[in-house]
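Residue numbers start from 1 in every chain, and the chains themselves are labelled A, B, ... in the order their sequence lines are given, proteins ahead of strands.
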Amino acid sequence: MPELPEVETVRQGLRPYVEGARIDAVTLRRPNLRFAFPEGFATALTGATIEQVDRRAKYLLFRLSTGAIWLSHLGMTGSYRFEGFKHKEPSRYYEPGEDGKHDHLIIALIHPEHGALTLIYNDARRFGFVDLFADEAASPYLQGLGPEPLGNAFNAATLALAFTGKKAPIKAALLDQRVVAGLGNIYVSEALHRAHLMPTALAGTLVTKRGAPKPVLEDLVLGVRTVLTEAIEVGGSTLRDFRAADGQQGGFQHRFSVYDREGKPCPTPLCTGIVERIVQSGRSSFFCPVCQKAPRA
DNA sequence: CCACTAACCTGTAGGC
DNA sequence: TGCCTACAGGTTAGTG
């Protein structure tokens, strides 16, 4: 489900209720998500106060008063929600019923202003996972990640460096979290459309023989930044089940130019193209064959 | 090191 | 209605 804009939307929804809250109890309702819960995970969280919720790429980072960092990745279908706002007594925290079979992690919180409430992690496919670290440098998941696409380190020069000599299609290169961290299948298709670049163009063809960025790389950087920024502004994209922690659906799905729009007209002004769908490395790519081009090598 | 595929797991949409 | 297939927002392990 979640690419960078969705994870950022989740973070913003969590912050008011989670930051400053003390973790009163933790229940793991199964031994694993994608991976086993780390040894002592529940014990380490219990009693700690969540001081801050940050995001790096598609990871949520809960900074605890103990100094430890609780890391959470939502996979394809992971989501957080709150229950039990009305309950004052910790003993009356939410317990999943029949329809809560994918509620895997239950976290009872006491917030100084909001009182007792329950944070629930739900994940039907269980591609998500959590981990616990002493500090960011100690997390293998955060090693080797490329720059944040909305940060200064993501620019035509750093992209050129990553693309030089690369034979992979630009679609695959942008999905590679070592190149840029946070893009997924939706926003790569959308950014390439904005930059008028074919997803099949080879990454190496966007760089000159001398290793300098071709002008189209500037368009690509701008396309990535603007599509992510606009998506965050409207709360991400809700395809089937994505919700922010407060239950709100995203709105960016109404603004897709090409993603999931096979057979529909290209929205580029004056363009007469019809959106096509192809499969690259096992995943759908959507593009306009008229206004998106592949540069010559 | 690079590039590609299969695998992980469940739910849903569409065709018949 | 039911059955079957294809596909879904991500990452990792394995192969060549």
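- With hydrogens and angles left out, the side-chain atoms of A:Ser257 and A:Arg194 include no donor and acceptor closer than 3.5 Å.
- Taking atom CZ on A:Arg34 and atom C1' on B:dC9, their separation rounds to 10 Å, with Å as the unit.
- With B:dA3, C:dG10, C:dA8 as the candidates, the nucleotide lying closest to the side chain of A:Tyr259 is C:dA8.
- Between A:Lys171 and B:dA3 there is no side-chain N or O to OP1 or OP2 distance below 4.0 Å.
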CA sep, side-chain torsions, deciding dist, call: A:Thr205, A:Arg296, side-chain hydrogen bond (donor to acceptor under 3.5 Å, both in side chains) | CA-CA 7 Å; A:Thr205 66; A:Arg296 299 190 36 204; over 6 Å; no

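- For the pair A:Arg29 and A:Asp103, the salt-bridge criterion is not met [side-chain N within less than 4.0 Å of a carboxylate O].
- Among the protein residues, A:Gly282 comes within range of no part of the nucleic acid, since none of its heavy atoms lies under 4.0 Å from any strand.
- Note on A:Phe252: nothing from the nucleic acid sits closer than 4.0 angstrom, heavy atoms only.
- Contact of A:Arg125 with C:dA8 (side chain to base): a donor-acceptor pair of N or O atoms is detected under 3.5 Å.
- Two residues, A:Pro169 and A:Ala124, neighbour DNA chain B, and the one matched to the more 5' nucleotide by heavy-atom proximity is A:Pro169.
- Close to B:dA3, at under 4.0 Å from its OP1 or OP2, lies a side-chain N or O of A:Lys166.
- Residue contacts for A:Arg126: at a heavy-atom cut-off of 4.0 Å it reaches the sugar-phosphate backbone alone, with no base atom in range.
- Look at the P atom in both B:dC9 and C:dG14: the space between them is 15 Å, to the nearest Å.
- One finds no side-chain N or O of A:His102 lying less than 4.0 angstrom from the OP1 or OP2 phosphate oxygen of B:dT10.
- The side chain of A:Gln177 has C:dT11 as its nearest neighbour among C:dT11, C:dG10, C:dT12.
- Among the nucleotides C:dT11, C:dT12, B:dC4, the one closest to any side-chain atom of A:Ala168 is B:dC4.
- Side-chain atoms of A:Tyr59 lie closest to C:dT12 of the nucleotides B:dA3, C:dG10, C:dT12.
- Contact check on A:Lys58 versus A:Glu3 returns no salt bridge, with no Lys/Arg side-chain nitrogen under 4.0 Å from an Asp/Glu carboxylate oxygen.
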